[in-house]
Amino acid sequence: MIKYCPTCNRSSEEARFIGEFCEFCVADKIKATLPKVVKVRRCRVCGSIRDSKGFTQYTDEAMADAIAQQMHAPNCKIKLKEFDEMRRIALLRIECELNEGTVRFNYEVDVRFTKEMCPSCYRKSAGYYEAIVQVRGSEHKVAGFLDSFSRFLEKGNAFVSKTAEMGNGIDMYVSDKKLVTGYFMLHKTIKPKVSYKLYGVKKGKKLYRHIYSVSL
Ligand SMILES: [Zn+2]
Ligand SMILES: [Zn+2]
C-alpha cells in the first residue's frame with residue numbers, strides 16, 4: 001500500500017519512509033533541533049583543537065568529535081565531510097538511529113573558534129621547565145646530541161623553553177623531566193650526572209628540578 005507523508009505529501013514510491021513520515025521530513029525534524037553555530041576550542045598558537053579527550057592536533061576525526069560535543073544528539077554519529085576554513089563552515093554527515101530506522105543526512109554548521117592557548121603552549125610561553133640538561137663537549141658532538149635529543153622531545157610532545165650557550169656547550173631548559181630520563185634510558189652510553197634542586201612546594205609536595213650534566 002502506498003503511504004503519503006503527512007508533512008510534505010511525498011509518496012512511499014518517491015521516498016523511503018521512517019515510520020509515518022518520509023526520510024526527508026524526519027531529517028528536517030532532527031535538523032531543526034541541532035544548533036546552527038558551534039564553538040570549538042582551538043589553540044591560537046599551535047592550532048590544536050580540544051576534542052572529548054583534550055587538546056590534540058587537528059584531524060578530521062578530532063574536529064568531528066569536538067563538534068559532536070556541542071550537537072547534543074546522543075543517538076547520532078557525526079562525521080566531518082569538509083571544513084571550509086575561510087567561511088568557517090563544517091559540512092557534516094550525520095547518521096541517527098531512531099526506533100523506526102536509521103536516517104542519514106548532510107548538515108552545515110557554522111564554527112566559531114575560541115582564542116585560547118592549549119596547556120602545552122601556555123607552559124611554553126611561561127618559560128616552564130622541569131629539567132635542565134647541561135651538555136658539554138666538542139662542537140660536533142654537542143650538535144649531534146642536540147639533533148637527536150630535540151627529535152626525541154618533539155615526538156613526546158615536550159619542548160625546550162630556553163637555551164643558553166655556554167663556553168663549551170649549551171644548557172637546555174626542558175618541559176618534561178620524565179622524557180629526559182626516558183632519553184637517557186634509551187641512550188645508555190651517555191651517562192649524565194644527575195642532581196636535584198628544590199624549587200617549590202605544591203599541595204605539600206616538594207617540587208624538584210632535575211639537572212643533568214652531560215659530558216660528551
Ligand atoms: Zn515528508
Ligand atoms: Zn597550543
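Remember, it's 1-based here, ligands and their atoms both numbered in the order they're listed.
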* To do: Give a yes or no on whether a salt bridge exists between E20 and K29, defined as a side-chain N under 4.0 angstrom from a carboxylate O.
  =>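 Judged by the 4.0 Å cut-off on N to carboxylate O distance, E20 and K29 do not form a salt bridge.
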**Request:** Less than 2.8 Å from the Zn ion (ligand 1) is the window; count the protein N, O or S atoms in it.
**Result:**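 If we list every protein N, O or S atom nearer than 2.8 Å to the Zn ion (ligand 1), we get 4.
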Give a yes/no on whether the SG-to-SG distance for C76 versus C96 is below 2.5 Å.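 Yes, disulfide present: SG-SG under 2.5 Å.
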Can a cation-pi geometry be assigned to R88 and F113, taking NZ or CZ under 6.0 Å from the six-membered ring centre and within 45° of the ring axis?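 No, cation not above the ring by the 6.0 Å, 45° rule.
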Using 2.8 Å as the cut-off, count the protein N, O or S atoms closer than that to the Zn ion (ligand 2).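 With waters ignored, the protein N/O/S count below 2.8 Å is 4.
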Applying side chain to side chain donor-acceptor pair (under 3.5 Å) between S213 and each of R136, K193, Q134, report the one that passes.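 Of R136, K193, Q134, side chain to side chain donor-acceptor pair (under 3.5 Å) with S213 is met by Q134 alone.
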Taking atom types as modelled, is there a side-chain donor on D51 or T56 under 3.5 Å from an acceptor on the other?
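No - no donor-acceptor pair under 3.5 Å links their side chains.
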Can a donor-acceptor pair be found, under 3.5 Å and without considering hydrogens, that links the side chain of S175 to the backbone of F159?
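Confirmed, S175 side chain pairs with F159 backbone.
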* **Greater than 12 external heavy atoms within 6.0 Å of E100's CD** =>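 Enclosed: over 12 neighbouring heavy atoms sit under 6.0 Å from CD of E100.
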query = In terms of heavy-atom contacts, does CD of E97 have more than 12 from other residues, nucleotides or ligands at under 6.0 Å?
reply =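 Result for CD/E97: enclosed.
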Is the F145 ring parallel, tilted or perpendicular to the F184 ring (thresholds 30°, 60°)?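 Parallel.
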